[in-house]
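Residue numbers start from 1 in every chain, and the chains themselves are labelled A, B, ... in the order their sequence lines are given, proteins ahead of strands. Values reported hereafter were calculated over all heavy atoms of this structure, with side chains retained and with hydrogens, waters and symmetry mates removed. In this text the structure is predicted, and so the values were computed from the model without any measurement.
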Protein chains: 4
Amino acid sequence: MGKKKGPKYNQIIEAAVKVIANHGYHQAQVSKIAKEAGVADGTIYLYFENKEDILTSLFEEKMGDFVRKIRDRMTPNLSIEEKFLLLITMHFEQLQADKHLAIVTQLELRQSNTELRQKINEILKDYLLLLEELLTEGKSSGYFQADLDNRLARQMVFGTLDEVVTNWVMKDCKYNLESSAKPVHKMLMRGFRA
Amino acid sequence: MGKKKGPKYNQIIEAAVKVIANHGYHQAQVSKIAKEAGVADGTIYLYFENKEDILTSLFEEKMGDFVRKIRDRMTPNLSIEEKFLLLITMHFEQLQADKHLAIVTQLELRQSNTELRQKINEILKDYLLLLEELLTEGKSSGYFQADLDNRLARQMVFGTLDEVVTNWVMKDCKYNLESSAKPVHKMLMRGFRA
Amino acid sequence: MGKKKGPKYNQIIEAAVKVIANHGYHQAQVSKIAKEAGVADGTIYLYFENKEDILTSLFEEKMGDFVRKIRDRMTPNLSIEEKFLLLITMHFEQLQADKHLAIVTQLELRQSNTELRQKINEILKDYLLLLEELLTEGKSSGYFQADLDNRLARQMVFGTLDEVVTNWVMKDCKYNLESSAKPVHKMLMRGFRA
Amino acid sequence: MGKKKGPKYNQIIEAAVKVIANHGYHQAQVSKIAKEAGVADGTIYLYFENKEDILTSLFEEKMGDFVRKIRDRMTPNLSIEEKFLLLITMHFEQLQADKHLAIVTQLELRQSNTELRQKINEILKDYLLLLEELLTEGKSSGYFQADLDNRLARQMVFGTLDEVVTNWVMKDCKYNLESSAKPVHKMLMRGFRA
DNA sequence: TATGAATGAGCATTCATTCAT
DNA sequence: CATGAATGAATGCTCATTCAT
């Protein structure tokens, strides 16, 4: 069980995103996801351990892509401020490009029980790690204040981006999100700059 | 029904906080709350419309106190930076002083359905309003950058504080939260300062 | 307990009729009846054993009046056919005059549990007795067929009247009921006549 | 949901009849019906929308049979009086043959709320229609009085049969019901005859 | 007498998961 | 691999009745 891969694996994950975005977390029954994916209820359990595993895997796959794309474009020649601008811009860009996914990650998946939320935090660690790398680089290059607390600074970046995106989703994604990247970047950089 | 008053009203709210903190949102059955409050199940419904009303009222009461206490101590003679330091310090202080409440507001109540979350957001508005007042004051006094976007700046403050507290709760509240107030304050003020 | 009499006794019964007629049997809570009667919930129990006792007493009082009025006007000088016409006419007349009561006795009170229905049948016995008296009189005077089965004939009369009234109530009492007395009387008399 | 078919559908209906007859309408919990039917509680909801749907379907199935059987044997060669005798006899016969069903339809199902009662009345319409057909036939053939009011005559027939059966059920079905068919038939026919 | 706050038993329905085919 | 019928545990809320005042 739980032997990932096969075309149905992705079918089911995409179906889950669609169903959760359209019907909400608490109305996303396994049978509804199965129907949307075009498979039988039981088939779900050939690809996933249980319902929670669908959601964890969904987050894993999507968040993996999310961070990978950011890392890919974070070339060494960029300045630390350019790197942050890239990160913030891509963070907003990617979520704006897939509003279903934005709804799912910003609103719906947070209604999950504490256990699933712990797992989601595990998955997020890779992103937080990237943030800490950038912060450390900024400090050692003398660009950021030397006494910056990595944990707090990282929480400030993530907390801010997350809050901005969540508010945008709660306003039905009806204004442009990417255009907030520059002002947010400006405030954060001033906050860290030496 | 729902005639808020009497000692039992508060008893039930306190019991709800304790039960949710100890057993989690989804394990907080009405009967468990009633037992903890030392009343019969039916008595709950003499003071609250339904289960959701208990949670909304809980948030209303506690958040009302929370903001009121901050406003009370925000005397006009304070500088804008002192006001923000006061706000951040008291935000951390109050949640650190009631860890049960912190668990409930940061983790458990967020698992609620969309409807309850909407109500919680309504209640939060008063806090966000306070933040905007301070930001406006800072800008008009020339202390903050004149082109600061109120919405984004407010999201940065709230997002940061919320993320800091949530991380602290998820680490089982085992380190000191208040001591983060000064460094967080420093980063935010630098971000806004003209 | 259950010490009948006092002005509140009748107040409560009238309130019960009104509440049941307006809200239906299953929505006629004791507290609603108390409110309508202008007394406290607990006061009900100074005049009635329990909820069932209210309903039984209601039926007893109203049915008592009902039959008493019919008997009062059934003077010995009337022929058997005239007596039946009087009974049928008054049966329809009285229910038409108090539509609330008609709704309660024809529709709502029948939703009660089997136990209460047994008691109601007890109370009805007096009416059925009157019917049997008339039937016996009709047979011994040679006016009705001698081999008429008292039980069946009584069931035919009562079943017919009851069905006619119930249908009228279910059509919202919007046509004239009394005008059915003569044709119904005609059919029944032909059925019995020697 | 509610896909009527399969052997379990009938199993559940039969179980409902048995449980209601033995324990009464208000003590007929879904779990009790499920147990009696030998299925899990949840299985009920694969065959019925909700509890009310069980009862409606029960009445529909049983009443459908009831009327169908009568219509089947009502061959055109019969005289109008023979047709009525057939109807009355079969009405009594069928209920006497299934005393559980008689208890359920005469006593228990009448305790249901107004909504279900409306549905039951809908289902009964087919039977009342049959009665009106016979009455019309009797009048146009000159056998019944030309000025017979169809509605009142129908109410007399149905009210009488219903009252006779209900009394029999309330006396615990302990005397013979069918033997009442002839005398009842005689009284009714005299009532209508030209 | 009269009050009304407090009690607490009772139940329809959903849905993640299994397993025989 | 795939199916989908069957399972059964779990819970918010109502309301007749009591009893301290």
Side-chain angles (χ1 to χ4, degrees), chain A residues 1 3 6-9 26-35 37-55, chain B residues 1 3 5-9 12 26-35 37-55, chain C residues 1 3 6-8 26-35 37-55, chain D residues 1 3 5-8 26-35 37-54:
Chain A
M1 46 171 124
K3 30 183 153 172
K8 300 208 171 155
Y9 176 78
H26 291 289
Q27 281 306 305
Q29 295 88 348
V30 171
S31 63
K32 211 178 268 175
I33 295 173
K35 193 171 198 180
V39 301
D41 293 15
T43 305
I44 298 267
Y45 292 86
L46 298 173
Y47 294 90
F48 299 91
E49 303 262 0
N50 49 38
K51 186 179 180 180
E52 186 176 306
D53 188 30
I54 306 176
L55 305 177
Chain B
M1 49 168 122
K3 33 176 158 173
K5 280 298 141 53
K8 304 235 164 121
Y9 176 77
I12 293 166
H26 292 289
Q27 280 306 303
Q29 296 88 346
V30 171
S31 63
K32 214 178 266 175
I33 295 173
K35 194 172 199 177
V39 301
D41 291 17
T43 305
I44 298 268
Y45 294 87
L46 296 176
Y47 294 90
F48 300 91
E49 302 267 358
N50 49 39
K51 186 180 179 180
E52 184 176 309
D53 188 31
I54 307 176
L55 306 177
Chain C
M1 45 171 122
K3 31 184 149 173
K8 299 209 172 155
H26 292 289
Q27 280 306 305
Q29 295 87 350
V30 171
S31 63
K32 211 177 268 174
I33 295 172
K35 193 172 197 179
V39 300
D41 293 16
T43 304
I44 297 266
Y45 292 87
L46 298 174
Y47 294 89
F48 299 90
E49 303 261 1
N50 49 36
K51 186 179 179 180
E52 187 176 305
D53 188 29
I54 306 176
L55 306 177
Chain D
M1 46 170 123
K3 32 177 158 170
K5 282 294 142 55
K8 304 232 163 123
H26 292 290
Q27 279 305 306
Q29 296 89 346
V30 172
S31 62
K32 213 178 267 177
I33 294 173
K35 194 171 200 178
V39 301
D41 292 16
T43 304
I44 298 266
Y45 293 88
L46 297 176
Y47 295 90
F48 300 90
E49 303 267 359
N50 47 41
K51 187 180 178 179
E52 184 176 310
D53 188 30
I54 306 175

Q: Let me know, please, whether N50(C) or V39(D) comes out on the 5' side of the other along DNA chain F by nearest nucleotide.
A: V39(D)

Q) Which residue, E52(C) or D41(D), contacts DNA chain F at a nucleotide closer to its 5' end, judged by nearest heavy atom? A) D41(D)

Q.
Under a 3.5 Å distance rule, please check whether K51(D) uses its side chain to pair with a backbone N or O of A28(D) as donor and acceptor.
A.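 Such a contact is found between K51(D) side chain and A28(D) backbone.
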
Report the distance from atom [atom1] of [X] to atom [atom2] of [N], rounded to the nearest whole Å.
| X | N | atom1 | atom2 | answer |
| --- | --- | --- | --- | --- |
| I33(B) | dG8(E) | CD1 | P | 18 Å |
| I54(D) | dC11(E) | CD1 | C1' | 13 Å |
| L46(A) | dC19(E) | CG | C1' | 12 Å |
| L55(A) | dA16(E) | CG | P | 10 Å |
| H26(B) | dG12(F) | NE2 | C1' | 15 Å |
| Q27(D) | dG10(E) | CD | P | 9 Å |
| I44(D) | dT7(F) | CD1 | P | 10 Å |
| F48(C) | dT17(F) | CZ | P | 13 Å |

Q. Quick one: which of V30(B), L46(B), I33(B) gives a side-chain contact (heavy atoms from CB on, under 4.5 Å) with I12(B)?
A. I33(B)

**Q.** Any strand: nucleotide that pairs with dA20(F) via Watson-Crick or wobble, under 3.5 Å
**A.** dT3(E)

**Q.** Residue met sooner reading DNA chain E from 5', once T43(C) and V30(D) are mapped to nucleotides
**A.** T43(C)

Q.
With nearest nucleotide decided by heavy atoms, which residue, K8(C) or Q29(A), maps closer to the 5′ end of DNA chain E?
A.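 Comparing both residues, the 5'-ward one is K8(C).
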
Q) For the atom pair CD1 (I44(B)) and OH (Y9(B)), what is the distance rounded to the nearest 0.5 Å? A)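 Rounded to the nearest 0.5 Å, the CD1-OH separation comes to 12.0 Å.
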
Q: Rounded to the nearest 0.5 Å, what's the gap from OH on Y45(B) to CZ on F48(B)? Could you check?
A: 11.0 Å

Nearest to the side chain of [X] - [options]?
| X | options | result |
| --- | --- | --- |
| Y45(A) | dA16(E), dA16(F), dT13(E) | dA16(E) |
| K51(D) | dT7(E), dA12(E), dA16(E) | dA12(E) |
| A40(D) | dG8(F), dG4(E), dA5(E) | dG8(F) |

Q | K32(B) to Q27(B) - nearest heavy-atom pair and separation | A | NZ-O, 3.0 Å

